[in-house]
Amino acid sequence: MVAALSPSRASDFMQCPLLYRFRVIDKLPEPPSAAAARGTLVHSVLERLFDLPAPERTLAAAAGLVAPQWEALVEAEPDLASLVDGTSPDALAAWFEESVALIERWFTLEDPTRLEPAERELYVETELDGLTLRGYVDRLDVAPTGEVRVVDYKTGRSPSELFEAKALFQMKFYALVLWRLRGEVPRLLQLVYLGNSEIVRYSPDETDLLATERKLKALWQAIERAASTGDWRPNKSRLCDWCEHRQLCPAWGGTPPPLPEGATVLALDPRASAAVSPTEE
């Protein structure tokens with residue numbers, strides 16, 4: 001068995017080991033989230049927009065992609081249909097308008113007619129002393145001189161300084177993987193926040209990425225320890241208010257379900273701990 005980790009699963013464990021258990025081992029269902037679905041829709045539109053010739057990458061063209069991309073997402077994941085009343089033209093129009101508003105903000109931050117991404121929704125994977133790191137990068141820009149910029153779209157608001165390091169963790173994860181794959185540290189990490197029209201930029205160096213490497217090794221050791229002991233303790237925080245499994249959490253008076261058979265393997269199996277899709281990352 002090859003150990004594997006994605007940014008999402010790493011973030012889950014850092015946020016709350018019990019959340020990692022609920023998602024990876026118990027595989028508890030979570031209802032579709034309107035915010036997550038809208039984010040997936042906007043990501044899909046921005047990815048497809050670059051299929052067009054540069055002069056045709058207009059706001060009108062992007063807006064025209066919203067409805068067909070939503071239909072494709074619902075076809076792939078029928079549960080998403082419950083988020084909006086498809087029989088109501090007004091409800092559907094409002095849903096699309098909210099997505100178009102986010103896309104319109106992106107046009108104020110970047111000019112797609114002047115961008116030619118080297119990669120979009122790029123799957124990256126590398127091995128770190130027996131631990132496979134993998135995930136999807138929204139966009140990779142490569143300058144004529146070879147410098148690499150890693151770009152990630154976020155449909156929410158930019159975090160406060162208190163939480164900015166957490167937001168950059170995912171980007172440093174990708175930068176580490178790309179460094180190990182290509183032998184060069186990405187020049188710039190760029191988080192594009194559409195919720196409040198802000199771009200957060202960070203230039204990593206080898207020291208940053210070596211620290212990220214050490215952090216990931218220590219994190220995986222902690223996951224292995226929790227898997228071997230069965231001790232998936234909760235970490236109570238303000239994020240509990242948005243957790244779908246709060247009623248099962250001991251920190252809130254709940255009782256988790258019994259660990260399923262083979263829980264240790266489930267916790268560490270790459271098919272469980274790091275099965276990723278573009279929409280997840």
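We use all heavy atoms of the structure for the numbers below, so side chains are in, but hydrogens, waters and symmetry mates are not. Here, residue 1 is the first one in the sequence, and each next residue gets the next number.
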(message) Any side-chain to backbone donor/acceptor pair from Tyr20 onto Arg9? Under 3.5 Å, distance only.
(response) no
(message) Just verifying a value: how many Å separate Leu92 CG and Glu97 CD, rounded to the nearest 0.5 Å?
(response) 10.5 Å
(request) Check Pro112 against Phe50 and note the closest heavy-atom contact, atom names and distance. (result) O-CE2, 3.8 Å
(request) May I have the step-by-step check of side-chain contact (heavy atoms from CB on, under 4.5 Å) for Ser99 and Val45, ending in yes or no? (result) CA-CA 10 Å; Ser99 299; Val45 169; over 6 Å; no
(message) Please check: side-chain N/O of Asp26 versus main-chain N/O of Leu28, any donor-acceptor pairing under 3.5 Å?
(response) no
(request) Indicate the atoms forming the closest heavy-atom contact of Val74 with Ala81, along with that distance. (result) CG1-CB, 3.9 Å
(message) In this structure, would Val200 and Leu189 fall into the same cluster of hydrophobic residues linked by side-chain contacts under 4.5 Å?
(response) yes
(message) Rounded to the nearest 0.5 Å, what separates atom CD1 in Ile199 from atom CH2 in Trp106?
(response) 10.5 Å
(message) Checking Ser158 now: which residues fulfil side-chain hydrogen bond (donor to acceptor under 3.5 Å, both in side chains) with it, not counting sequence neighbours?
(response) Asn196, Glu198
(request) Answer yes if Leu191 and Phe169 sit in the same cluster of Ile, Leu, Val, Met, Phe, Trp and Tyr residues linked by side chain heavy atoms under 4.5 Å apart, and no otherwise. (result) yes
(request) List the steps and the verdict of side-chain contact (heavy atoms from CB on, under 4.5 Å) for Arg139 and Tyr153. (result) CA-CA 9 Å; Arg139 198 179 89 215; Tyr153 308 121; 2.9 Å; yes
(message) Please tell me whether Leu268 and Leu19 are part of a single hydrophobic cluster in this structure, the criterion being side-chain heavy atoms less than 4.5 Å apart.
(response) no
(request) Keeping the roles fixed (side chain from Asp141, backbone from Arg149), state whether a donor-acceptor pair exists under 3.5 Å. (result) no
(message) I want to check something: taking the side chain as every heavy atom from C-beta on, are Val185 and Asp205 in contact at a cut-off of under 4.5 Å?
(response) no
(request) Take Thr132 and Glu125, measure what side-chain contact (heavy atoms from CB on, under 4.5 Å) needs, and give me the verdict at the end. (result) CA-CA 7 Å; Thr132 297; Glu125 176 180 308; 3.5 Å; yes
(request) Give a yes or no on this: more than 12 heavy atoms of other residues, nucleotides or ligands lie within 6.0 Å of atom CD of Gln247. (result) yes
(request) Ignoring hydrogens and angles, tell me if any N or O in the side chain of Thr264 forms a donor-acceptor pair with the backbone of Ala227 under 3.5 Å. (result) yes
(message) With rounding to the nearest 0.5 angstrom, report the CG to OG1 distance, Leu176 to Thr212.
(response) 6.5 Å
(request) Kindly determine whether Asp90 and Ser88 satisfy side chain to side chain donor-acceptor pair (under 3.5 Å), including the steps that lead there. (result) CA-CA 5 Å; Asp90 289 343; Ser88 168; 5.3 Å; no
(message) So which atom in Trp70 and which in Ala37 form the shortest heavy-atom distance, rounded to 0.1 Å?
(response) CZ3-CB, 4.3 Å
(request) Hey, could you give me each pair passing salt bridge (Lys or Arg N to Asp or Glu O under 4.0 Å) that has a residue in residues 47-65? Not counting sequence neighbours. (result) Arg48-Asp51, Asp51-Arg120, Arg57-Glu116
(message) With rounding to the nearest 0.5 angstrom, report the CH2 to CD1 distance, Trp232 to Ile223.
(response) 6.5 Å
(request) With sequence neighbours left out, write down each residue that passes side-chain hydrogen bond (donor to acceptor under 3.5 Å, both in side chains) with Arg105, or none if nothing qualifies. (result) none
(request) Would you mind reporting whether Leu131 and Lys217 have side-chain heavy atoms less than 4.5 Å apart? (result) no
(message) Please find the pair of heavy atoms, one from Asp79 and one from Pro32, that lie closest to each other, and give the distance.
(response) O-CG, 3.6 Å
(request) Could you note down all residue pairs passing salt bridge (Lys or Arg N to Asp or Glu O under 4.0 Å) where residues 182-192 supplies at least one of them, sequence neighbours left out? (result) Glu147-Arg187
(request) Measure the NE2-OH distance between His43 and Tyr136 for me, rounded to the nearest 0.5 Å. (result) 13.5 Å
(request) Check whether Leu188 and Leu181 end up in the same hydrophobic cluster, where Ile, Leu, Val, Met, Phe, Trp and Tyr are linked by side-chain heavy atoms less than 4.5 Å apart. (result) no
(message) Walk me through whether Cys16 and Leu239 qualify under side-chain contact (heavy atoms from CB on, under 4.5 Å).
(response) CA-CA 9 Å; Cys16 175; Leu239 295 175; over 6 Å; no
(message) Can you confirm whether Arg134 sits close enough to Val177 that some side-chain heavy atom of one is under 4.5 Å from a side-chain heavy atom of the other?
(response) no
(message) Any heavy-atom pair between the side chains of Pro256 and Phe22 that's under 4.5 Å?
(response) yes
(request) Please name the pair of heavy atoms, one in Cys240 and one in Lys236, separated by the smallest distance, quoted to 0.1 Å. (result) SG-CA, 3.8 Å
(request) Could you pull out all residues at least two apart from Asp85 that satisfy side-chain hydrogen bond (donor to acceptor under 3.5 Å, both in side chains)? (result) Thr87
(request) For the residue pair Leu219 and Leu5, establish whether any side-chain heavy-atom pair is separated by less than 4.5 Å. (result) yes
(message) If I compare all heavy atoms of Leu194 with all of Val42, which pair ends up nearest, and what's the gap?
(response) CD1-CG1, 3.8 Å
(request) Kindly write out the residues that satisfy side-chain hydrogen bond (donor to acceptor under 3.5 Å, both in side chains) with Asp208, not counting sequence neighbours, or none if the list is empty. (result) Tyr202
(message) Using side-chain heavy atoms (C-beta onward) and a distance below 4.5 Å, is Pro260 in contact with Leu266?
(response) yes
(message) To the closest 0.5 Å, what do you measure between OG1 (Thr155) and CD (Glu98)?
(response) 11.5 Å
(request) Count the heavy atoms belonging to other residues, nucleotides or ligands that lie under 6.0 Å from CZ of Arg246, then report whether that count exceeds 12. (result) yes
(message) What I'd like to find out is whether the side chain of Glu213 reaches to under 4.5 Å of the side chain of Arg180, using heavy atoms alone.
(response) yes
(message) I'd like to check Pro250 versus Leu18 (side-chain heavy atoms, cut-off strictly below 4.5 Å). Are they in contact?
(response) yes
